[in-house]
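Report on the structure given below.
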Amino acid sequence: MSPAPRKDPVAVETEVREKIHLEILKRTGAYHANDHVLLPSGQHTSEYIEKTLVTTEPSFTEGLGAVIAKHFAPWPVDVVLSTGPGALILSHCVARAHPSRPVVVYGAKGLSGGKRRVTIPVEFQRLVRPASKVLLIEDLVSTGSTLTLLINLVEQLGAEVVGVGCLWRRTSVELTGKPVFSLVSRDFPTYDPEECPLCKKGVPLNEEFVRRRHARRPSSVHEPKAP
Ligand SMILES: [Zn+2]
C-alpha cells in the first residue's frame, strides 16, 4: 500500500490559521456559518459576515493585528494607513505590534460627483512624505476599490505602498501587484433562490439580516431645538 499523499505544510498551516481566525470572528458575532441566509441582493448563502461587529472585541483585534504585524515585520514601515472605523481600530493594533513603530493615519471615504473618493486630512500630509513606506490596512476587502484609491493616493504623495494587510479578502479580488496578506481568504457561495441547494434540502431561510435593515434604525439622539 502506498503511503497517503502528504499535504503541503504551508497549505496546511494556512488552512489551520484560517480556521482559527474564522472561529475568532464567530465569537465576535460577526461571522455566521452553516446557515441559510437571505442577502439584500435576494440571493441565498450559507455564510455571512457583519462588518460592523468585526472589531468589537479588543483582545481579539489586538491578537489579529499582531499576526498581520508579524507578517510585515521584515519590511520597514513608517506609516500605517486605513479608512473606515473598523479598519482604523485594526490599523492601530497592527502599528502597535510592528517593530518599526509606524505612525497611524487615516483617510475619509466620500463621494464626489457620484464617484468614490478617499481624502487624507491636511495635518497628516507631513507624515506621508515622499519615500515614506506605507502599509495599508483593511478589515474586509470585497471589491478592492477602496484599496485601489488608497494606493493611488499614497503614490500621488510620492510615498511607497509596501503591502496590504487585511482580516478578510474575497478570493475574487485582484489587487495591483502589491503584497497582500489576509488572515482569511474566502468567498461566500451565493445562489439564486431557484437553484439554492439549501432550499432544496428544506433548510429554513434566515431573513434576519435583511429584515434588520428594513425594520431597525440606528440609535441616535438630537440636540434639543432652541426655544
Ligand atoms: Zn436557499
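One-based numbering, in listed order, for ligands and for the atoms of each. From a predicted model like this one, the values you see are computed outputs, not experimental measurements.
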Exercise. Using the six-membered ring wherever Trp is involved, compare the ring planes of Y31 and W168 and label them parallel, tilted or perpendicular (cut-offs 30° and 60°).
Key: tilted
Quiz prompt | Protein N/O/S neighbour count - the Zn ion (ligand 1), strictly under 2.8 Å | solution = 4
Quiz item: Taking atom CG of L153 and atom CG of L147, what is their separation to the nearest 0.5 Å?
Solution: 12.0 Å
Self-check item: Salt bridge present between K133 and D78 (N-O < 4.0 angstrom)
Solution: no
Quiz item: Who are the ring pair (Phe, Tyr, Trp, His ring centres under 6.0 Å) partners of H36, not counting sequence neighbours?
Solution: H44
Quiz prompt | Distance-only polar pair, side chains of T148 and S145, donor-acceptor under 3.5 Å | solution = no
Quiz prompt | Short N-O contact, R186 and E47, less than 4.0 angstrom | solution = yes
